[in-house]
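The structure appears below as C-alpha cells.
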Amino acid sequence: MFLKNYMEIAIDHTLPNLLRAFDNICTCDKCLLDIKAIALNKLKPHYVVTDKGALYSKVDEMSSQFETDVMKALIDAIDVVMKNPRH
C-alpha cells in the first residue's frame with residue numbers, strides 16, 4: 001500500500017497523447033517536468049491509498065469532467081512552456 005496524488009497518474013496518462021497535437025513543443029525532460037508541475041499546481045490534489053496495480057486501473061474510470069479539467073490544465077501548461085521554454 002502507498003499514498004499517491006492521483007492527479008500525477010492522470011497527468012502522466014493524458015500528457016503523451018495530448019503532446020501529439022503540438023508540433024512545436026519541446027519534449028526535453030525539463031520542459032515535460034515544467035508542464036507537469038504547472039498543470040498539477042492548477043489542479044486540486046486527489047490523494048489515494050491503494051495497491052500499485054489498482055491505482056493504474058483507476059485512470060480508466062475518470063469522469064468526462066475530470067478528464068476535461070486535466071486536459072485544460074495541461075493545455076494551459078503547454079502554452080506557458082511553449083512561450084517560455086527553460087532548456
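Heavy-atom basis, side chains included; hydrogens, waters and symmetry copies ignored.
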side-chain contact (heavy atoms from CB on, under 4.5 Å) partners for [X], two or more places apart:
X     : result
Ile38 : Ala77, Val80, Val81
Met71 : Thr14, Leu18
Pro45 : Asn5, Tyr47

Same cluster (ILVMFWY, side-chain, under 4.5 Å), Val48 and Leu43: yes
Transitive ILVMFWY side-chain link Phe22 to Leu74, under 4.5 Å: yes
Residue pair Leu19 / Leu32, side-chain heavy-atom distance below 4.5 Å: yes
Intermediate values then yes/no, side-chain contact (heavy atoms from CB on, under 4.5 Å), Ile35 and Ile25: CA-CA 10 Å; Ile35 290 167; Ile25 182 71; 4.2 Å; yes
Which atom of Cys31 lies closest to which atom of Pro85, heavy atoms considered: SG-CB, 4.3 Å
Just jot down the side-chain hydrogen bond (donor to acceptor under 3.5 Å, both in side chains) partners of [X], sequence neighbours excluded, or say none.
X     : answer
Asp23 : none
Lys72 : Asp76
Lys83 : Asp79

Enter the distance from [X]:[atom1] to [Y]:[atom2] here, rounded to the nearest 0.5 Å.
X     : Y     : atom1 : atom2 : result
Met82 : Ile75 : CE    : CD1   : 11.5 Å
Tyr6  : His13 : OH    : NE2   : 8.0 Å
Gln65 : Thr68 : CD    : OG1   : 5.5 Å

Sequence-distant partners of Asp34, salt bridge (Lys or Arg N to Asp or Glu O under 4.0 Å), two or more places apart: Arg86
NZ/NE/NH1/NH2 to OD/OE distance under 4.0 Å, Asp12 and Lys36: yes
Asn17, CG: over 12 other non-hydrogen atoms inside 6.0 angstrom: yes
